[in-house]
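All values below come from the heavy atoms of this structure, side chains included, with hydrogens, waters and symmetry mates left out.
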Amino acid sequence: MPPRPRAPRGPAGLAPGSPSGIGAPALGTGLPKVPRPRRSLPPGRDPEITDELWARIEPILPVRVRRRRYPGRMPLDDRAVLTGILVVLARGIGFERLPKELGLGSGMTCWRRLRDWQQAEVWPGIAQLLAEELPEGKQIDFRRVATAAGPDTPVTRRPTPPRAKQPSAVAAEFGMTLLR
């Protein structure tokens, strides 16, 4: 008996009229050479800090003092970290999604340095300078990292509402309450 002829197949191995193959190239379902749709458009280029702008920002930044004994790793350059913060804000991504291939440090390093600058109360001045002086400054949303907190208030990644103390389930079962 001769082998049965097969129906022609599409690029993903689907028959041309199958329901899962209809519209697949338009949706970008992982087929070769078919781009997936993006949620938002990336910026044309990442923001860069010019030498003149850096000369105005550098005196504002607090000086980091290293320990004499067991100093640890050399800290990253403040200019590279500030550029990393600007890339995160311009692209609208989370700090953990900052590409390491850019050479701007990790996203966590950028977030910690931003937190330190916010606690030292120098970030509002830096953000205002960047918004005025950068060509892309109008498109960057600096409100995303603006804080209304004072130096004593810790800066958190996600604000959480304070929770009231409650007795444990076992304590509540026996009628115990919190005395403090």
Side-chain angles (χ1 to χ4, degrees), residues 26-165:
L27 296 176
T29 58
L31 298 175
K33 298 183 182 177
V34 178
R36 290 198 164 130
R38 292 185 178 252
R39 284 180 264 166
S40 63
L41 294 173
R45 61 186 183 97
D46 290 329
E48 293 182 22
I49 300 173
T50 62
D51 292 334
E52 296 83 23
L53 180 58
W54 180 245
R56 294 180 63 193
I57 292 175
E58 190 175 20
I60 300 172
L61 295 175
V63 178
R64 296 175 51 109
V65 180
R66 292 185 69 196
R67 296 185 302 241
R68 183 178 168 95
R69 188 174 184 192
Y70 307 117
R73 289 185 182 177
M74 285 289 295
L76 284 174
D77 181 37
D78 285 333
R79 185 173 182 172
V81 173
L82 183 60
T83 306
I85 294 169
L86 288 176
V87 167
V88 166
L89 294 177
R91 291 185 182 185
I93 59 176
F95 281 93
E96 62 274 1
R97 300 231 183 248
L98 179 66
K100 291 186 180 181
E101 295 83 26
L102 297 177
L104 304 173
S106 71
M108 197 66 202
T109 300
C110 294
W111 179 81
R112 282 189 196 115
R113 197 77 58 92
L114 173 66
R115 179 199 59 197
D116 295 343
W117 292 341
Q118 287 173 341
Q119 288 176 346
E121 297 181 355
V122 297
W123 177 250
I126 295 171
Q128 183 179 3
L129 259 172
L130 291 171
E132 293 170 358
E133 301 290 329
L134 278 178
E136 304 90 6
K138 302 292 184 223
Q139 289 110 7
I140 297 175
D141 184 21
F142 287 102
R143 294 174 300 162
R144 180 176 157 201
V145 291
T147 62
D152 298 334
T153 310
V155 179
T156 58
R157 293 181 72 186
R158 287 189 194 107
T160 56
R163 295 184 349 195
K165 289 187 175 181

[atom1] of [X] to [atom2] of [Y]: how many Å apart, nearest 0.5 Å?
X      : Y      : atom1 : atom2 : value
Ile140 : Leu89  : CD1   : CG    : 6.5 Å
Leu61  : Leu82  : CG    : CG    : 7.0 Å
Gln118 : Ile126 : CD    : CD1   : 10.0 Å
Arg115 : Cys110 : CZ    : SG    : 12.5 Å
Arg64  : Asp116 : CZ    : CG    : 6.5 Å
Thr83  : Trp54  : OG1   : CH2   : 8.0 Å

Quiz item: CZ of Arg97: more than 12 outside heavy atoms within 6.0 angstrom?
Solution: no
Quiz item: Is atom CD of Glu133 surrounded by more than 12 heavy atoms (other residues, nucleotides or ligands) closer than 6.0 Å?
Solution: yes
Quiz item: Do Asp78 and Trp117 have side chains that get closer than 4.5 Å, going by heavy atoms?
Solution: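 Of all side-chain heavy-atom pairs linking Trp117 with Asp78, at least one is under 4.5 Å.
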Quiz item: Does Trp111 reach the side chain of Ile85, with side-chain heavy atoms less than 4.5 Å apart?
Solution: no
Indicate the atoms forming the closest heavy-atom contact of [X] with [Y], along with that distance.
X     : Y     : value
Gly72 : Arg67 : N-NH2, 4.4 Å
Arg66 : Arg73 : NH2-O, 3.6 Å
Leu98 : Gly84 : CD1-O, 4.0 Å

Quiz item: Can you list the steps and then say if Leu134 with Thr50 is a side chain to side chain contact (heavy atoms under 4.5 Å, CB included)?
Solution: CA-CA 9 Å; Leu134 278 178; Thr50 62; over 6 Å; no
Quiz item: Parallel under 30°, tilted from 30 to 60°, perpendicular over 60°: which one fits the rings of Phe142 and Trp123?
Solution: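 Rings of Phe142 and Trp123: tilted, as their planes differ by 30° to 60°.
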Quiz item: Hey, are Arg79 and Glu58 close enough for a salt bridge, meaning a charged N less than 4.0 Å from a carboxylate O?
Solution: no
Quiz item: Is Arg91 salt-bridged to Asp46, cutoff N-O under 4.0 Å?
Solution: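 A salt bridge links Arg91 with Asp46.
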Quiz item: Under the side-chain contact (heavy atoms from CB on, under 4.5 Å) test, which residues partner Leu76, sequence neighbours left out?
Solution: Val81, Thr109, Arg113
